[in-house]
Amino acid sequence: QVQLVESGGGLVQAGGSLRLSCAASGRTFSSCAMGWFRQAPGKEREFVATISWDWGTTYYSDSVKGRFTITGDNAKNTAYLQMIRLKPEDTAVYYCAARDGYCSGIYELEGSYHYWGQGTQVTVSS
């Protein structure tokens, strides 16, 4: 079984920064992509960012582009999300996800990922 564990969430003022981390443990697997999603209170979970090891590319939602940066380590199945210039609307539970096996593109849909973390809360105060 694969476990993903997020860390780094917390309370920050608007304009501040946070860095989220995601680490995989358990059964050995080879991810081809990892992503970050978030879910705000009363809203559906939404795509934030993804990184594809096979393609060497990153992709972001319009709402975070230019403020968030996804990086990671393919060999360790770890991913990071550097968030700057945070806004109150960024408040949400942030989830890490990993796609196992083969990637043929950029994955924004939840169903494209095989493993999920439990989430870490990010709260941005105004």
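Every heavy atom of this structure was used, including side-chain atoms; hydrogens, water molecules and symmetry mates were not.
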Quick one: pull up [atom1] in [X] and [atom2] in [Y] and give me the separation to the nearest 0.5 Å.
| X | Y | atom1 | atom2 | value |
| --- | --- | --- | --- | --- |
| Leu18 | Ile84 | CG | CD1 | 12.0 Å |
| Met34 | Thr58 | CE | OG1 | 14.5 Å |
| Glu110 | Glu44 | CD | CD | 8.5 Å |
| Met83 | Arg67 | CE | CZ | 9.5 Å |
| Ser63 | Phe47 | OG | CZ | 9.5 Å |

Q: Just grab all the disulfide bond (SG atoms under 2.5 Å apart) pairs involving residues 87-126, residues at least two apart or on different chains.
A: Cys22-Cys96, Cys32-Cys103
Side-chain polar contacts of residues 74-81 - donor-acceptor pairs under 3.5 angstrom, sequence neighbours left out - could you list them?
unit_1 : atom_1 : unit_2 : atom_2 : d
Asn77  : OD1    : Ser31  : N      : 3.4
Asn77  : OD1    : Ser31  : OG     : 2.6
Asn77  : ND2    : Phe29  : O      : 2.9

Q. Judged by atom type as modelled, is there a donor-acceptor pair below 3.5 Å linking the side chain of Tyr60 to the main-chain atoms of Ile70?
A. yes
Does any part of the side chain of [Y], heavy atoms only, come nearer than 4.5 Å to the side chain of [X], both counted from C-beta?
| X | Y | result |
| --- | --- | --- |
| Thr57 | Ile106 | yes |
| Tyr95 | Leu4 | no |
| Phe37 | Leu109 | no |
| Tyr59 | Tyr107 | no |
| Arg45 | Arg38 | no |

Taking only distance into account, with no hydrogens and no angle test, what donor-acceptor pairs under 3.5 Å do side-chain atoms of residues 119-126 form with protein atoms, sequence neighbours excluded?
unit_1 : atom_1 : unit_2 : atom_2 : d
Thr120 : OG1    : Gly9   : N      : 3.3
Gln121 : NE2    : Ala92  : O      : 3.4
Gln121 : NE2    : Thr123 : OG1    : 3.3

List the atom of [X], the atom of [Y], and the distance in Å for their closest heavy-atom pair.
| X | Y | answer |
| --- | --- | --- |
| Gln118 | Glu6 | N-OE1, 3.2 Å |
| Arg85 | Ser17 | N-OG, 4.4 Å |
| Tyr94 | Val48 | CE2-CG2, 4.4 Å |
| Trp36 | Ser21 | CH2-O, 3.7 Å |

Q) Going hydrophobic residue to hydrophobic residue with side-chain gaps under 4.5 angstrom, can you get from Val93 over to Leu20? A) no
Q. If two hydrophobic side chains count as joined below 4.5 Å and joins carry through other members, does Tyr113 share a cluster with Val64?
A. no
(Q) Can a side-chain donor-acceptor contact be found between Tyr115 and Arg27 if the only test is distance below 3.5 angstrom? (A) yes
**Q.** Cation-aromatic face contact Arg99/Trp53, 6.0 Å, 45 degrees
**A.** no
**Q.** Enclosure of Gln39 CD (heavy-atom neighbours >12, cutoff 6.0 Å)
**A.** yes
(Q) Before you tell me yes or no, could you show the steps for Lys65 and Asp62 under salt bridge (Lys or Arg N to Asp or Glu O under 4.0 Å), namely the whole-Å CA-CA distance, both residues' side-chain angles and the distance that decides it to 0.1 Å? (A) CA-CA 5 Å; Lys65 196 175 300 181; Asp62 288 342; 3.2 Å; yes
